[in-house]
2 protein chains.
Amino acid sequence: MIRVLLADDENLIRDALAGLLTLEDDIEVVARAASGAEALAAARKHQPDVALLDLQMPDPDGIAVARTLASELPDCRCIIVTSHGRPGYLKAALAAGVRGFLPKTVSAATLAEVVRTVAAGGRHVDPELAAEAIGAGDSPLSPREADVLAYARDGAPVEEIAERVALSKGTVRNYLSAAVAKLGAANRHEAVSIAADRGWI
Amino acid sequence: MIRVLLADDENLIRDALAGLLTLEDDIEVVARAASGAEALAAARKHQPDVALLDLQMPDPDGIAVARTLASELPDCRCIIVTSHGRPGYLKAALAAGVRGFLPKTVSAATLAEVVRTVAAGGRHVDPELAAEAIGAGDSPLSPREADVLAYARDGAPVEEIAERVALSKGTVRNYLSAAVAKLGAANRHEAVSIAADRGWI
DNA sequence: ATCTGACGATGACATTTGTCATGGCCCCGG
DNA sequence: CCGGGGCCATGACAAATGTCATCGTCAGAT
């Protein structure tokens, strides 16, 4: 019997997935969590074989949870499920030691199959996402460029960014400019959306 | 027996919800769709009692589908389910003739209950969302202000906006400025996000 | 008939950007 | 030990933005 922990902040989805997995003869949902914090607590308590984590959760997100679990409970394999199949997320997830990565567009049968694969020690990454991730390549941004661009996400003025990263306004402008050039964007907002989409910030 | 059409672009969610609803004795899932177009086709073919529509779907989104169904199949009641419980969506949905509006954070039991309520001719709107929507109130933006702000969404420069709405650059700046002032925002990007959140653009 | 408010435009001005050149500091690899 | 590259900063200049005052038209309300 594969013991599974289910974490998703959306009640409806969590209950529905639980129902779905319970239908499988060899899978048992031993715990449910509605946030990253709950997921960690539940994992420590129930020591599941597989943790099925939603990527976007309040508190620590799915990837942060996976990272913690990887060091704390190495026997608990993590699978990330997400609605937003962005290439960057996949990379971050793999770096966090995740063993499976699936978009929510897959079928229920696939999910069960992946749970089995991962429980048996294998790995599974959605082929389409993997292709995209490879296509997206590595970030051309230097660490500080990425930092600055990240703070520019919500359209904050240069001065505010400068304060937050403790740099001068001029330097911030330079980094922003460099980032825009590297990403082939017309302005910084386009740069932000490109970088965000690729998971570079 | 309540005949339900289920539309959601995410296979996993769709299958899971179908499983969940099928467990109810008085509910039957008669059709599934992965896009707005499929949902319309399926509704015409199966004439369901209730259409459970995801808000964010490719092609026509959930609200557009609901609008079409309201005029074409008035006997088919629509329920919108969404991950993003933004006040503006609720208003748009109600205007489209939707009878139920739920965030995906509700429990499975609530969903089934709402399906029954709506099938019986009632309405159901998530109380929390309703409160937010009322709190958000009506848009203080004049029609053209909203237009211009809408085009500013993706961070396009003033000149581009001016072209699209066939106005002079100066006028666009004025409208943007007025919108920023009315929304109490610090800059136009903040204005965009405020207006978008409230559903005013 | 008059007033108000939305709509469209212009011009002027300060501020904020984007862009470029330049320079210094520090670390790593050849 | 020397070059390259990342990192931080400055200064200067053009372009884009934000803000304000002002003007005209038009429709609906008083």
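Here is the naming used below: chain letters follow the sequence lines, and residue numbers restart at 1 for every chain. Everything numeric in this text was worked out from a predicted model, so none of it was measured.
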Q) How bent is the helix from C:dA1-D:dT30 to C:dG30-D:dC1, comparing axes over its five end pairs at each side, to the nearest 10°? A) 20°
Q: Kindly indicate whether the side chain of A:N11, heavy atoms from C-beta on, has any atom under 4.5 Å from the side chain of B:V106.
A: no
(Q) One character per nucleotide, please: for nucleotides 6-18 of chain D, 5' to 3', B when the base has a protein heavy atom closer than 4.0 Å, S when only the sugar-phosphate does, - otherwise. (A) -SBBB-B----BB
**Q.** Contacts of type side-chain hydrogen bond (donor to acceptor under 3.5 Å, both in side chains), residue B:D15, not counting sequence neighbours
**A.** B:R32
(Q) Counting primed atoms plus P, OP1 and OP2 as sugar-phosphate and everything else as base, spell out the protein contacts along nucleotides 25-30 of chain D at 4.0 Å heavy-atom distance: B, S or - for each nucleotide, 5' to 3'. (A) ------
**Q.** salt bridge (Lys or Arg N to Asp or Glu O under 4.0 Å) partners for B:E72, two or more places apart
**A.** B:R44
Q. Which residue pairs satisfy the side chain to side chain donor-acceptor pair (under 3.5 Å) criterion with at least one member in residues 167-176 of chain B, sequence neighbours excluded?
A. B:S168-B:T171
Q.
My understanding is that only residues two or more places apart in sequence, or in another chain, count here; which of them pass side-chain contact (heavy atoms from CB on, under 4.5 Å) with B:R77?
A. B:R99, B:V118
Q: Return the set of residues passing side-chain contact (heavy atoms from CB on, under 4.5 Å) with A:D147 (not counting sequence neighbours), or none when no residue passes.
A: A:R144
Q: For A:A43 and A:L69, work out which heavy atoms get closest and say how close.
A: CB-CD2, 3.7 Å
Filtered N/O pairs between nucleotides 25-28 of chain C and protein, under 3.5 Å:
none

Q: Taking side-chain contact (heavy atoms from CB on, under 4.5 Å) as the test, write out the residues that go with A:Y151, two or more places apart.
A: A:I161, A:R164, A:V165
Q: From the options B:V30, B:V81, B:L17, B:V50, select the one residue that forms a side-chain contact (heavy atoms from CB on, under 4.5 Å) with B:L6.
A: B:L17
Q.
Please give me the minimum heavy-atom distance between B:L149 and B:A179, naming the atom from each residue.
A. CD2-CB, 4.2 Å
Q: Keeping to residues at least two apart or across chains, list the ring-ring contact (aromatic ring centres under 6.0 Å, His included) pairs with something in residues 77-135 of chain B.
A: none
Q: Give every residue pair that meets the salt bridge (Lys or Arg N to Asp or Glu O under 4.0 Å) criterion with at least one member in residues 46-55 of chain B, sequence neighbours excluded.
A: B:D54-B:K104
